[in-house]
Amino acid sequence: MATVSMSVHEQLALRHRAVLPDWLAVYYRQPIEITHGEGRYVWDAQGRRYLDFFGGILTTMTAHALPEVTAAVTEQAGRVLHTSTLYLNRPMIDLAERIARLSGIEDARVFFTTSGTEANDTALLLATTYRGSNQVLAMRNSYHGRSFTTVGITGNTSWSPTSLSPLQTLYVHGGVRTRGPFAHLTDPAYIDACVEDLEDVLDQAQGRVAALIAEPVQGVGGFTSGPDGLFAAFKRVLDRRGILWITDEVQTGWGRTGEHFWGWQAHGASGPPDILTFAKGIGNGLSMGGVVARADVMNCLTANSISTFGGSPITSAGALANLTYLLEHDLQGNARRVGGLLLGRLQAITAGLSCVREVRGRGLMIGVELNTPEQATDVLEATRGGGLLVGKGGHGGAVLRIAPPLTLTVAEAEEGAEILEAALKQVESGRQGS
């Protein structure tokens with residue numbers, strides 16, 4: 001009997017399933033290994049090239065194999081890889097000074113972590129300690145990480161594996177503009193209704209609420225958001241009651257939305273947040289996250305604390321080079337310009353497609369919502385077949401998430417749009433992606 005030979009991807013997938021958890025999801029019916037990248041493109045283990053419209057979950061912020069980051073990491077690796085926060089760390093201090101200035105928070109302090117999950121976990125520790133309460137407000141449809149604490153404030157049930165939590169979480173409206181009981185309202189009326197809901201939730205809360213944690217644009221939730229100004233209106237209520245505002249900028253930070261450097265700035269009429277969390281793009285693939293907070297909030301902890309890996313010399317050196325490149329090349333402006341063109345192009349090509357419910361976004365953070373999760377999965381497969389990598393999210397997974405590196409060119413945006421158009425039309429006609 002003839003033996004059936006397996007591809008390199010099939011062999012690796014078998015090894016993956018044999019040793020890693022069943023809940024560790026991978027994309028595609030036939031998963032692929034990405035072996036290397038350059039600019040906005042990556043290659044798989046079988047030599048196929050793809051245009052990358054997802055950047056390792058919005059993490060490759062500038063470009064794959066950016067020479068400036070590679071050089072900084074190589075130079076630092078030749079000196080020392082690791083020391084921990086028990087010793088002075090020049091790259092970490094240089095980076096902290098720059099982020100503190102950029103944050104908009106007065107008298108800011110910065111603490112580095114290794115991920116967005118850990119950053120949000122730290123923010124919750126600060127807020128609950130500062131306020132002496134474990135009650136936290138979060139948005140419906142939200143996602144803030146995979147740790148035990150952050151799962152406890154996740155409003156997207158697709159990513160919440162347990163109801164157990166050390167926190168008492170109260171969920172409020174406002175994260176999804178086009179669904180729910182307020183969807184039919186005008187933007188000002190929508191904001192008023194959400195504020196009324198917030199006030200009602202707070203009036204029913206027992207004790208002191210510590211903080212509201214919110215993504216300016218919900219990432220895993222499918223790139224959804226409320227109207228600009230919503231969190232400014234929320235903040236007026238929070239300030240009156242002494243409640244802290246935590247803005248989760250893990251996906252919206254560093255100019256990705258184009259219009260603003262931070263997502264909170266679309267809601268900035270009432271001033272900056274009390275706590276800001278960041279991660280993903282700042283490291284361009286290096287494991288980097290962190291928290292920025294007012295000094296009195298950051299310094300409220302009385303017990304000893306360190307970080308073994310947070311702000312390590314090598315990740316800080318790479319992140320500083322990445323941030324410098326982003327600012328010197330105005331990648332926020334590029335996200336605004338190219339992202340606007342891409343959004344308009346996608347809205348045009350989907351206008352006559354019944355399988356598409358909505359195209360939304362800002363900058364290079366665009367969501368294409370299909371009618372069903374099954375349709376979104378089929379489009380995901382078809383885009384891979386066409387040489388394009390996109391992400392998926394939303395409640396149940398019905399939204400395609402498009403978030404390329406911020407150096408995306410107009411020509412590459414058009415290339416990706418053409419592939420996506422073909423994939424959508426393939427699914428519209430009932431033909432399943434390869």
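We're numbering straight along the sequence, starting at 1.
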Ionic contact status for [Y] with [X], cut-off 4.0 Å:
{"X": "Asp107", "Y": "Arg109", "value": "yes"}
{"X": "Glu106", "Y": "Arg294", "value": "no"}
{"X": "Asp44", "Y": "Arg49", "value": "no"}

Using modelled atom types only, decide if a donor and an acceptor are shared between the side chain of [X] and the backbone of [Y] within a distance under 3.5 Å.
{"X": "Asp197", "Y": "Val172", "value": "no"}
{"X": "Thr60", "Y": "Gly56", "value": "no"}
{"X": "Thr409", "Y": "Glu412", "value": "yes"}

Inset, instruction - With Arg384 as the cation and Tyr28 as the aromatic partner, state whether NZ or CZ is under 6.0 Å from the six-membered ring centre and within 45° of the axis. - result: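 Yes - Arg384 lies over the ring of Tyr28, closer than 6.0 Å to its centre and within 45° of its axis.
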Legend entry - Geometric cation-pi criterion Arg177 and Tyr190, 6.0 Å radius, 45° cone: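 Yes; both conditions hold, so Arg177 lies above the ring face of Tyr190.
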Inset, instruction - Would you confirm whether the ring centroid of Phe182 sits within less than 6.0 angstrom of the ring centroid of His173? - result: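 Ring centres of Phe182 and His173 closer than 6.0 Å.
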Name the orientation class of the two ring planes belonging to [X] and [Y] (parallel below 30°, tilted from 30 to 60°, perpendicular beyond 60°).
{"X": "Phe309", "Y": "His82", "result": "tilted"}
{"X": "Trp254", "Y": "Phe278", "result": "perpendicular"}
{"X": "Phe231", "Y": "Phe234", "result": "perpendicular"}

Inset, instruction - Report the C-alpha distance between Glu414 and Arg345 in whole Å, list the side-chain angles of each, state the deciding distance to 0.1 Å, and finish with yes or no for side chain to side chain contact (heavy atoms under 4.5 Å, CB included). - result: CA-CA 8 Å; Glu414 181 61 30; Arg345 178 79 168 87; 3.1 Å; yes
